[in-house]
Amino acid sequence: MERARVHGVHASSTAAKITVTGVPDHATAAVLRVVAEQGVVPGMVSRNPAGPVAVAFTVDRSAGPVVLAALGAARDRIGFRTVDLDDNVAVVMLTGAGLRADPVVPATFCEVLAREGVRLGLVSFDNARISATCGGHEAEATVRALREVFEVGRGVPTSRGWWRPSATIGR
């Protein structure tokens, strides 16, 4: 099994989260088309099919009001219930290599967020980055906790940058 190599932990406070609720079946594309027509590329996108269907995605904070207004204008045509903008969002990221190859890394990432009291919002996993949205006020403490657990930024590389879990989180 490939071992995960963690390079860094970062936060960005330049994002906003748009949540569209009550989205009719097959209308997610129409929601994203409205976003595209504003010249905006969404970041993380999530569709919750359970209960009232909701589509949530991140955009650059400066584009948030434009996207909100455009979706508000398209509400009757698309048929969704509500659209909300949260501009107090941060995206916390763990960067490295082989992050999806080691199932312990995403689990540990989520456990650290839970331990810090961060309610998971949008989450994205790929081989080079794990990202999650959190409240803007939670970013600094979350980054600090992730750096501690993943041994990032201590000035001296540990195990040549390869990360191995040294303790169980949450006990």
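Fair warning: this is a prediction, and the values are worked out from it, not measured in the lab.
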| said: To the nearest 0.5 Å, what is the distance between OG1 on Thr133 and CG on Asp86? | reply: 8.5 Å
| said: Using a strict threshold of under 4.0 Å (side-chain N to carboxylate O), is an ion pair present between Glu140 and Arg144? | reply: yes
| Over all atoms of both residues, closest heavy-atom pair of Pro42 and Val59 | CA-CG1, 4.4 Å
| Counting N and O atoms only, with roles assigned by atom type, does the side chain of Thr58 sit under 3.5 Å from a partner on the main chain of Ala15, one being a donor and the other an acceptor? | no
| note | Nearest heavy-atom contact between Val45 and Phe57 is CG2-CB, 3.8 Å
| field | Student check: side-chain heavy atoms of Leu113 and Glu116 closer than 4.5 Å | value | no
| said: With a 4.5 Å cut-off on side-chain heavy atoms, are Asn88 and His137 touching? | reply: yes
| query | Is there side-chain contact between Phe109 and Ser131, with heavy atoms separated by less than 4.5 Å? | reply | no
| field | Inter-residue atom distance Asp87.CG - Thr14.OG1, 0.5 Å rounding | value | 12.0 Å
| query | Any donor-acceptor pair under 3.5 Å linking the side chain of Arg61 with the backbone of Val89? | reply | yes
| Glu138 and Gly117: which non-hydrogen atoms are nearest, and at how many Å? | OE2-O, 3.7 Å
| task | Determine the minimum heavy-atom distance between Asp126 and Leu99, stating which atoms define it. | result | O-CB, 4.0 Å
| request: In sequence, state the C-alpha distance, the side-chain angles, and the governing distance for Val31 and Ile78, and then conclude on side-chain contact (heavy atoms from CB on, under 4.5 Å). | output: CA-CA 7 Å; Val31 168; Ile78 297 173; 4.2 Å; yes
| message | Would the distance check show the side chain of Arg47 and the main-chain N or O of Thr28 forming a donor-acceptor pair, the cut-off being under 3.5 Å? | response | no
| message | Nearest 0.5 angstrom please: Arg77 CZ to Leu71 CG, how far? | response | 9.5 Å
| Under 3.5 Å donor-acceptor, Glu151 side chain and Arg147 backbone | no
| field | Heavy-atom check, side chain of Leu120 versus side chain of Cys110, under 4.5 Å | value | yes
| request: Might you point out which heavy atoms bring Leu85 and Pro65 nearest each other, and give the distance in Å? | output: CD2-N, 4.0 Å
| Does the side chain of Met93 reach to within under 4.5 Å of the side chain of Val9, using non-hydrogen atoms? | no
| task | Check the hydrophobic clustering (I, L, V, M, F, W, Y; side-chain heavy atoms under 4.5 Å; chains of links allowed) and say if Val123 and Val149 are grouped together. | result | yes
| Can you find a heavy atom in the side chain of Val55 that is under 4.5 Å from one in the side chain of Thr19? | no
| remark: Note: Phe150 and Val105 closest approach over all heavy atoms is CZ-O, 3.9 Å
| query | If Ile, Leu, Val, Met, Phe, Trp and Tyr residues are connected whenever their side-chain heavy atoms lie under 4.5 Å apart, and connections chain through other members, are Leu68 and Leu32 in the same group? | reply | yes
| request: Go through the steps for His10 and Val92 under the test side-chain contact (heavy atoms from CB on, under 4.5 Å), then give the verdict. | output: CA-CA 6 Å; His10 316 278; Val92 201; over 6 Å; no
| field | Close side-chain approach of Arg75 and Thr82, heavy atoms under 4.5 Å | value | no
| Would a 4.5 Å heavy-atom cut-off, applied to side chains only, mark Thr142 and Val112 as touching? | no
| task | State yes or no: do Val35 and Leu122 share one hydrophobic cluster built from I, L, V, M, F, W and Y residues joined by side-chain heavy-atom distances below 4.5 Å, directly or via other members? | result | no
| request: Start with the C-alpha gap between Val152 and Leu146, add the side-chain angles, then the distance that decides, and say whether side-chain contact (heavy atoms from CB on, under 4.5 Å) holds. | output: CA-CA 8 Å; Val152 173; Leu146 287 166; over 6 Å; no
| task | Look at the side-chain heavy atoms of Ile, Leu, Val, Met, Phe, Trp and Tyr, link any pair under 4.5 Å apart, and say whether Val34 and Val40 land in one connected group. | result | yes
| message | Check for me, please, whether Ile130 and Val143 land in the same ILVMFWY cluster - side-chain distances under 4.5 Å, paths through other members count. | response | yes
